[in-house]
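See below for the structure under consideration.
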Amino acid sequence: MKKQYWQEEIETASREELSKIQSERLVATVKRVYEKVPMYRERMDAAGVKPEDIQSIADITKLPFTTKQDLRDTYPYGMFAVPMDQVVELHASSGTTGKQVVVGYTEKDVHSWGEICARALVAAGADETDFVHVSYGYGLFTGGFGLHYGAQQIGATAIPVSSGQTKRQVTILEDFGSTVLCCTPSYAMTIAESVEAAGIDASKLPLRAGIFGAEPWTEEMRKHIEDKLKIKAYDIYGLTEVMGPGVSFTCEHQCGMHVNEDHFIIEVLNPDTFEPVEDGMIGEIVFTCINKEAFPVIRYRTKDLGYVTHEKCKCGRTFVRMSKILGRTDDMLIIRGVNVFPSQIETVLLEQGYAPNYMLIVDRVNNSDTLEVQVEVSPEMFSDVTSVLTSHEKKLQTAIRELLGIHANVKLVAPNTIPRFEGKAKRVIDNRQLHD
Amino acid sequence: MAIQQLSIFVENKSGALADITGILADNSIDLRALSIAETQDFGILRLIVNDTNKAAKALRDKNCVVNITEICAVAVPDAPGGLASVLRILADADIVVEYTYAFISNSKKDAYVVLRINDHDLVTAEKLFAEKGIREINEQDIQSL
Ligand SMILES: [Zn+2]
């Protein structure tokens, strides 16, 4: 019989049991990092917090935050909580600016990572009969490995395709009989287009599920991918600094991502005051690793924005559910004083029948911010009559104004002119020279 | 009687038009008439060619957005007011012309006018032209131009 959960006991544990496990593991982790990691000891001493002050999860708010900058400042191994001879694997976050962040895993950590990904795979209906096609990059970036290990733990066949060479991806989907595809949602789109271009009927492929993550994506985008590839698309979330993909995952009800709470404590904080917000309120997501040996981060500020709900899920899992990432405090564009997330524009585009290939170009003209939305014209909306096309542009402009309250200059561009992405999409070009 | 016109989305950037006409040349497509409508952001290239389906396929294979529309092309009397009289007939019948452009035939020394009329008015327009003795050209005429 098909397994509904990978580890039923913990995935459906009561809140009391989960709190008890979280408290015990938090206390132990804090004690250990205070002893082993100079940065944590200095920070806690400066804040006047001793390990003994942390008795349960309620005390977590006493602990200082950790930021990406802290992890960079201790490059490469300054935050490791075990001697290097216990570290069996290293990864690094894709730092576009400054130094990378290097993270390490002990043998137990590697197993934990595979375990949380195994839960995600089982939640997506996978078992030992599946062929798990992993198109996340295999390299220093954590992308491909977690799901690879997870696939092996459940006894499925892992296919480490890595990202790129899209035509080859399509050949492998067909010839190897991949049943579960794992990659970024933008790359899933690129693969879907390639399947279509090759004249392959997606419904004839054995592929039936996709586990997509590593970048923010919208519900509309999910439906779009499901429709193009004729699969059910599941969300997976994670970040290198915390573990990698697998920190949280969607179940078949696709109503938020269950956080693996026996491994991580999630907090949602008001981005200005850093006070906890209630369920349903948007804030910055902060994680603490409580079951990791080599690289346990304490109150790590992800800069991802989202919310959580403790309401019971129909799937029976009791793990708290986090929303899709609604944006990043970093990705947030401030245009004429208005906060704009690329995902908001993406939602409007998809609602109006555009493909989710777009580029936002922000500039400053005569001391005023301008936003140009470039989107590809589709054969369905194209017309020989100019006014038909300009009315499409106007309609989109109006929808953006209604949603965000700002004027956007919509520009239709030729198909296939907007870059396609193999990893994380880059959707914004900001040409403003901001001088503070 | 209507003839087929090819419309192609063109970005307003240098080389876009050259790329499209290059694709047509590579496929030995002969252009009979050409017009471009431009907005601030983009243009629509409208063409009448000797082999519409072949041209459309060649362009789509190169990722161009293309559509095929039925348009009406009439021979215009070679006298002052020739075009005006054609447009008057349509205006009197409340038929809207979305756009129009002219082309000439080298071989026959004739001038023709393309009229883009909404599909639902096309039959009425053609009937009116026939009644008023205005000669409409067809696909065979296009081949022999
Ligand atoms: Zn669930």
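Proteins come first, then strands; the chains are lettered A, B, ... in the order of their sequence lines, and each starts at number 1. In this text, all values refer to a predicted model and were calculated from it rather than measured experimentally.
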Looking at residues at least two apart in the chain, or sitting in another chain, which of them share a side-chain contact (heavy atoms from CB on, under 4.5 Å) with B:Lys57?
B:Asp61
Taking everything shown except B:Lys62 itself, do over 12 heavy atoms lie less than 6.0 Å from its NZ?
no
Roughly how far apart are A:Glu393 CD and B:Gln40 CD, rounded to 0.5 Å?
9.0 Å
Applying a criterion of heavy atom separation less than 4.5 Å, what residues of residues 400-412 of chain A form contacts with chain B?
A:Val410, A:Lys411, A:Leu412
Is it true that atom CD1 of A:Ile334 has more than 12 heavy atoms of other residues, nucleotides or ligands lying nearer than 6.0 Å?
no
State whether the number of non-hydrogen atoms from other residues, nucleotides or ligands found under 6.0 Å of A:Arg336 atom CZ is greater than 12.
yes
What part of B:Phe42 is in contact with chain A, defined as an atom under 4.5 angstrom from a non-hydrogen atom: side chain, backbone, both or neither?
side chain
If you count every heavy atom of other residues, nucleotides or ligands that lies below 6.0 Å from B:Lys54 atom NZ, does the total exceed 12?
yes
Side chain, backbone, both or neither: which part of A:Glu376 has an atom under 4.5 Å from a heavy atom of chain B?
neither
Trace of the side chain to side chain contact (heavy atoms under 4.5 Å, CB included) decision for B:Thr39 with A:Leu389
CA-CA 10 Å; B:Thr39 72; A:Leu389 287 183; over 6 Å; no
Can you give me the closest heavy-atom contact between A:Pro379 and B:Val65, atom names plus distance?
CA-CG1, 3.8 Å
What are the two closest heavy atoms between A:Phe382 and B:Phe9, and how far apart are they?
CZ-N, 3.4 Å
With a strict 4.5 Å heavy-atom criterion, list every residue of residues 17-24 of chain B that contacts chain A, or say none.
none
Rounded at 0.5 Å granularity, tell me how far CG in B:Leu6 sits from CG in A:Asp384.
10.5 Å
Residue part contacting chain A, namely of B:Val66, when any heavy atom lies under 4.5 Å:
backbone
Using only non-hydrogen atoms and a strict under-4.5 angstrom cutoff, which residues of residues 413-421 of chain A touch chain B?
A:Val413, A:Ala414, A:Pro415, A:Asn416, A:Thr417
B:Ile8, part contacting chain A, at a heavy-atom distance under 4.5 Å
backbone
Closest non-hydrogen atoms of B:Arg116 and A:Val385, given as atom of the first, atom of the second and distance, are NH2-CG2, 4.0 Å
